[in-house]
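Heads up: the structure comes next, in structure tokens.
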Amino acid sequence: MMRYFLDCEFDGFHGPLMSLALVREDGEGVYLLTDHEAAEPWVRENVVPFLLDCPQKPFRGDARELGDEIADFMEGDVQPLIVSDWPADIRYLCEMIEFEGGQMADIRTLAFQMVRCNAYPTTLPGAVQHNAWWDAMALRHKLMHPNTAA
């Protein structure tokens, strides 16, 4: 079973999804950006400036392409475990892999674990809070290296 650490950024509480990052235990990941333009002032000030502030090249596409990108990233893993520190992140991932008309990305099995913790402060070099990629990496770092994460 491979763990995948998940984080999302969205426009206000339960607002439209802006970005999603999924990082495997080995540090490989996928970083997805939607076309949503932030409306919430706090998000425009604290999230938008950092959307591209990470080493992972983002993937942009429509809903189906983003869902397929997630499926492609997890291809071959028969027991993926998605780990998140917030329940809404799991909801956003599920919405991303399900398409209109009762279709979904080619994913056979998913398990979820929600771990209520704060990944910051972190000793992870380069980490930028409120960037889904870095937040997923910080969560991975905290849970895989609990004695060095703060």
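No experiment lies behind these values; they were computed from the predicted model shown.
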Taking [X] for its side chain and [Y] for its backbone only, find out whether a donor-acceptor pair lies under 3.5 Å.
| X | Y | result |
| --- | --- | --- |
| Lys142 | Asn118 | yes |
| Arg44 | Ala39 | yes |
| Trp134 | Asp53 | yes |

Is the closest side-chain heavy-atom distance between [X] and [Y] below 4.5 Å?
| X | Y | value |
| --- | --- | --- |
| Leu52 | Pro58 | yes |
| Met18 | Val48 | yes |
| His141 | Thr123 | yes |
| Phe59 | Glu65 | yes |
| Trp133 | Val23 | yes |
| Gln103 | Arg64 | yes |

Quiz prompt | Sequence neighbours excluded - salt bridge (Lys or Arg N to Asp or Glu O under 4.0 Å) pairs with any residue from residues 72-85 | solution =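 Pairs touching residues 72-85 that pass the test: none.
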Self-check item: Flag if over 12 foreign heavy atoms under 6.0 Å of CD, Glu40
Solution: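 Enclosed: over 12 neighbouring heavy atoms sit under 6.0 Å from CD of Glu40.
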Are [X] and [Y] connected, step by step, through hydrophobic side chains (Ile, Leu, Val, Met, Phe, Trp, Tyr) whose heavy atoms are closer than 4.5 Å?
| X | Y | result |
| --- | --- | --- |
| Leu32 | Phe5 | no |
| Phe73 | Leu17 | yes |
| Met137 | Val128 | yes |
| Val30 | Met2 | yes |
| Phe10 | Ile82 | yes |

Going from [atom1] on [X] to [atom2] on [Y], what distance comes out if it is rounded to the nearest 0.5 angstrom?
| X | Y | atom1 | atom2 | result |
| --- | --- | --- | --- | --- |
| Asp7 | Arg140 | CG | CZ | 14.5 Å |
| Tyr120 | Leu139 | OH | CG | 9.5 Å |
| Met96 | Cys8 | CE | SG | 7.0 Å |
| Ile90 | Ser84 | CD1 | OG | 5.0 Å |
| Lys57 | Tyr31 | NZ | OH | 14.0 Å |
| Ser19 | Arg60 | OG | CZ | 10.0 Å |

Exercise. Carefully, step by step, assess Trp86 and Leu6 under the rule side-chain contact (heavy atoms from CB on, under 4.5 Å).
Key: CA-CA 9 Å; Trp86 195 252; Leu6 169 67; over 6 Å; no
Exercise. Over all heavy atoms of both residues, which pair between Ala119 and Thr122 is shortest? Give the atoms and the distance, please.
Key: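 Shortest heavy-atom contact: O-CB, 3.5 Å.
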Quiz item: So, for Met1 and Glu25, which heavy atoms are closest and what is the spacing to 0.1 Å?
Solution: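 Of all heavy-atom pairs spanning Met1 and Glu25, the closest is O-OE2, 4.2 Å.
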Quiz prompt | Check against salt bridge (Lys or Arg N to Asp or Glu O under 4.0 Å), Asp26 and Arg24 | solution = CA-CA 5 Å; Asp26 65 5; Arg24 274 193 320 242; 3.1 Å; yes
Self-check item: Which residues share a ring-ring contact (aromatic ring centres under 6.0 Å, His included) with Phe50, sequence neighbours left out
Solution: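 With neighbours one apart ignored, the set is empty.
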Taking distance alone, no hydrogens or angles, what donor-acceptor pairs closer than 3.5 Å link side-chain atoms of residues 104-117 to residues at least two apart or in another chain?
unit_1	atom_1	unit_2	atom_2	d
Asp106	OD1	Arg108	NH2	3.1

Practice problem: Can you spot which of Leu33, Asp89, Leu20, Asp135 makes a side-chain contact (heavy atoms from CB on, under 4.5 Å) with Glu9? | Solution: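 That would be Asp135.
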